[in-house]
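What you see is a predicted model; the values in this text were computed from it and never measured. FYI, the numbering just counts along the sequence from 1.
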Amino acid sequence: MKYRTCLTTLLYSFLLGLILPASAQNSLQHQKDSLRHALEHAEGIDKLQTYNKLYYIYMAEAGDDQKMDTLMTLFEQAEAEAIRQGDTQMQGMVYGNRIISYINRSEHDKVIEKAPAYLDFYIRHDLWKFYYQIHMQLITAYNLKGDYELAAAEAGKMYTRARERKDKAGMATALYATGIIYNLQRRPKEEEDCFRESISLLWEVSGYDNILTQSYAFLCVSLRAQARYDELLQLVPEYEKAIARFEKATGRVQPEARGNLYVALMNTYIDIKEYDKAGIYLSKLEGSVSNSMSKFELLRAKALILQSRGDYRTALAVIDSAVIQVQESAFNLNAVRKIKMEILARAGRNDEAFSLLDEIIAANDSINNVEVNARFDELRTQYEVEKHIAEKERNFHYFLFALGICLVLMLLLAGVFYYNRIISTKNRKLYERIKEQDRLAEELSRMAQACESTASSEALPQTSDTAATVEQHRLVARLREYLLSGDNLSNAEMNRDEIISALGTNKNLLTDAVRAVTGNSPMEYMRMLKLDEARKMLDHHPELTIEAIAFSCGFNAPSTFYRLFRKQYGISPAEYRKQANKL
């Protein structure tokens, strides 16, 4: 059995499993018109089933591009209606029939494009029978394109999902798909293992009898390829039992399933040269198979059987008719010549046989030359393609590298911008808080002066404690006034003794007064006073540099000024000035 024959059988089996046959009427156009008229009045499930019948008619005509366009429009309308009604079963059926339409037109790239999304839909809605059927179509598309690795990868995905669900039917379908890949790669032993395991699982489930009988057909092909004819013949009762189960489940005879069995037996008996038995199955097959590949196989088998019976004239006529009736693409012409040469030799027509042998040799030489040239052309083309691909990949990698650098730079810029924005916001809040503290300090100072004035005017009796406190405030005020007068604040060499002498007090009284009023030591108070004065200069003297302000306020080094300013206010002098300039 040739792979494409089996694959065609598989596709039509799935087609029957996915769509319901429409009622036969006198005229195809009349059927279409009737169904379109029915669509205008149908509602609910009736409308979806009417769509189903209508697009089934167009599926039979999908070879016509115009009809295919109409079919795609019908699929879109049916899909929209199914979505509107929330009928996921009918929606899934539309997707399945769309894929089959592409398969029937050999539009394998369309299948590969559309199928993954449909498979995800089936998984989300637990439509697993649709899932396995359409996954098979996707694998078939890869097989027909020669992408066996991708086909095997999809079969592996199908098997994994089925095994996770402990779904024996799904596992068997995946093994069946894998077996077909091995069949195409001419790996009969691996093919045999897959189909045996698939058969074992399929006997335990129902509803997959078409795949079961197909698995037996492929298993026969595998055993015949390994010349294990006895095992093949021992398989026949089991094979027939599977066909009987298939026919019982469907309620009708399955001629294609039986035909596959007869082909396997006919070819097996021809291989072991039991032509009489082969003739029995040839008789059963004649007239029941219509595709061109099977017709050639039948004519070839008939010629060999006639030759075995000594009817050389009829055998030659049959093999000649095979060449005439069947398209050349359906067979190997040299294989036909070899059969004809054998018949001629057996008939005693040696000269004709030798002449045919010369044709075979010449054809083989020609084929070899063509194959060698084709191989060189293929290698040359492959080199050019790979060179072009490598260049594109290199350019693509350069593009990715440049894009990566741009993205990194953009991220860095975005990070810097974001960081600066955060810092700016933070500095703004700090500046506003400092100004608020200034405002509160001025208000407290005015309140203190008002209280002192009131106390003086009322001439309240003062206790010794009150008098001491007032004296301390006056001493601190004199200290502040002294420091801010002249160049005293900028005099970094000025020491405590000079201040005590200028104020006419002593060390202890000054220390106690400053600590009582400000909570700090005299040196700390002086430093705070310097920083406060520097801050005011930053506000009101933008023409002065920060270093000049630092020196004018009594700081020997700008770095010391920077450090103390940030420690006191939580912001650097430069940042403070920047915020002040924004006002």
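- The shortest heavy-atom contact between Asn143 and Ala151 is OD1-CB, 3.4 Å.
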| request: Begin from the C-alpha positions of Thr173 and Gln133 and carry the test side-chain contact (heavy atoms from CB on, under 4.5 Å) through to its verdict. | output: CA-CA 9 Å; Thr173 304; Gln133 290 169 335; over 6 Å; no

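- Contact annotation: the side chain of Leu282 approaches that of Lys302 to within less than 4.5 Å [non-hydrogen atoms, C-beta and beyond].
- Between Leu232 and Leu235, the closest side-chain pair of non-hydrogen atoms is not below 4.5 Å.
- In this pair, His41 and His37 present their aromatic rings perpendicular. The plane angle is above 60°, beyond the 30 to 60° band.
- Between the side chain of Glu247 and the backbone N or O of Val253 there is no donor-acceptor pair closer than 3.5 Å.
- Rounding to the nearest 0.5 angstrom, the gap separating the CD atom in Glu274 from the CG atom in Leu265 is 11.5 Å.
- Using the six-membered ring where Trp is involved, Tyr131 and His135 have ring planes that are perpendicular, over 60° apart on the 30 and 60° scheme.
- How far CD of Glu191 is from CG of Asn183: 4.0 Å, rounded to the nearest 0.5 Å.
- Side-chain polar atoms of Glu164 and Thr160 form no donor-acceptor pair below 3.5 angstrom.
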| Steps toward side-chain contact (heavy atoms from CB on, under 4.5 Å) verdict (Asp193, Lys189) | CA-CA 6 Å; Asp193 294 340; Lys189 186 63 181 73; 2.9 Å; yes

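- Between Glu40 and Arg36 there is no salt bridge, since no side-chain N of the basic residue sits under 4.0 Å from a carboxylate O of the acidic one.
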| Under the side-chain contact (heavy atoms from CB on, under 4.5 Å) criterion, do Tyr122 and Ile134 qualify, and how do the steps go? | CA-CA 10 Å; Tyr122 295 143; Ile134 299 309; 3.6 Å; yes

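- Between Gly170 and Tyr132, the shortest heavy-atom contact is CA-CZ, 3.3 Å.
- Interatomic distance, CG of Asn52 versus CE of Met59, reported as 9.0 Å (0.5 Å rounding).
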| request: Show the numbers, then the answer: is there a ring-ring contact (aromatic ring centres under 6.0 Å, His included) between Tyr148 and Tyr142? | output: CA-CA 7 Å; Tyr148 305 128; Tyr142 280 125; over 10 Å; no

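- Put simply, the side chain of Leu127 does not reach to within 4.5 Å of the side chain of Gln91, judged on heavy atoms.
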| task | Take Arg124 and Asp120 through the test salt bridge (Lys or Arg N to Asp or Glu O under 4.0 Å) and record every step on the way to the result. | result | CA-CA 6 Å; Arg124 289 198 307 272; Asp120 289 340; 5.4 Å; no

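- Here the OH atom belonging to Tyr51 is positioned 11.5 Å from the CG atom belonging to Leu35, to the nearest 0.5 angstrom.
- With a 6.0 Å cutoff to the six-membered ring centre and a 45° limit on the axis angle, Lys168 does not count as a cation-pi contact of Tyr208.
- In this structure, the ring of His397 has its center no less than 6.0 angstrom from the ring center of Phe401.
- By the 6.0 Å and 45° rule, Lys241 stacks over the aromatic ring of Trp203.
- Of the possible donor and acceptor atoms, one in the side chain of Ser101 sits under 3.5 Å from a partner among the backbone N and O of Asn97.
- Residues Tyr95 and Glu79 have side chains that bring a donor and an acceptor to within less than 3.5 angstrom of each other.
- For the pair Asp46 and Thr50, the tightest heavy-atom approach, listed with the atom from each and the gap, is O-OG1, 2.7 Å.
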| field | Stepwise salt bridge (Lys or Arg N to Asp or Glu O under 4.0 Å) test for Glu192 and Arg228 | value | CA-CA 11 Å; Glu192 176 193 351; Arg228 291 160 56 187; 2.6 Å; yes

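- Using a cutoff of 4.0 Å between basic side-chain nitrogens and carboxylate oxygens, Arg196 and Glu231 are scored as salt-bridged.
- Looking at Lys248 and Asp209, their side chains never come closer than 4.5 Å, going by heavy atoms from C-beta outward.
- Side-chain atoms of Arg161 and Ile123, non-hydrogen and from C-beta on, do get closer than 4.5 Å to each other.
- The heavy-atom pair separating Ile243 from Ala257 by the smallest distance is CD1-O, 3.7 Å.
- Residues Asn210 and Thr213 approach most closely at O-OG1, 2.9 Å, considering heavy atoms.
- With respect to Asp109 and Lys145, a salt bridge is recorded, a charged nitrogen being found less than 4.0 Å from a carboxylate O.
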| field | Derivation of the side chain to side chain donor-acceptor pair (under 3.5 Å) call for Gln85 and Glu81 | value | CA-CA 6 Å; Gln85 294 189 29; Glu81 182 62 25; 2.7 Å; yes

| side-chain contact (heavy atoms from CB on, under 4.5 Å) between Tyr118 and Arg98: does it pass, once the steps are laid out? | CA-CA 10 Å; Tyr118 297 163; Arg98 184 178 285 159; 2.7 Å; yes

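- Atom CD1 in Ile211 sits 6.5 Å away from atom OH in Tyr176 (nearest 0.5 Å).
- Atoms CG and CG, on Leu316 and Leu306 in that order, are 10.0 Å from each other to the nearest 0.5 Å.
- In this structure, Tyr269 has its ring center no closer than 6.0 Å to that of Tyr275.
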| task | For side chain to side chain donor-acceptor pair (under 3.5 Å), just list the numbers for Gln226 and Ser222, CA-CA rounded to whole Å, side-chain angles, deciding distance to a tenth of an Å, and then say yes or no. | result | CA-CA 6 Å; Gln226 299 175 73; Ser222 171; 3.1 Å; yes

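- Taking the six-membered ring for Trp and thresholds of 30 and 60 degrees, Phe195 and Phe218 have nearly parallel ring planes, at less than 30 degrees apart.
- Within a 6.0 Å sphere centred on CD of Glu149, heavy atoms belonging to other residues, nucleotides or ligands number 12 at most.
- Met90 and Asp87 make their closest contact through N-OD1, 3.1 Å (heavy atoms, listed as atom of the first residue, atom of the second, distance).
- Using a distance-only test at 3.5 Å, with no hydrogens or angles considered, no donor-acceptor pair links the side chain of Ser200 to the main chain of Glu197.
- Side-chain contact check for Asn260 versus Gln214: some heavy-atom pair is nearer than 4.5 Å.
- When side chains are defined from C-beta on, Glu190 counts as touching Arg187, because their heavy atoms get closer than 4.5 Å.
- Side-chain contact between Asp167 and Val205 is absent, with no heavy-atom pair separated by less than 4.5 Å.
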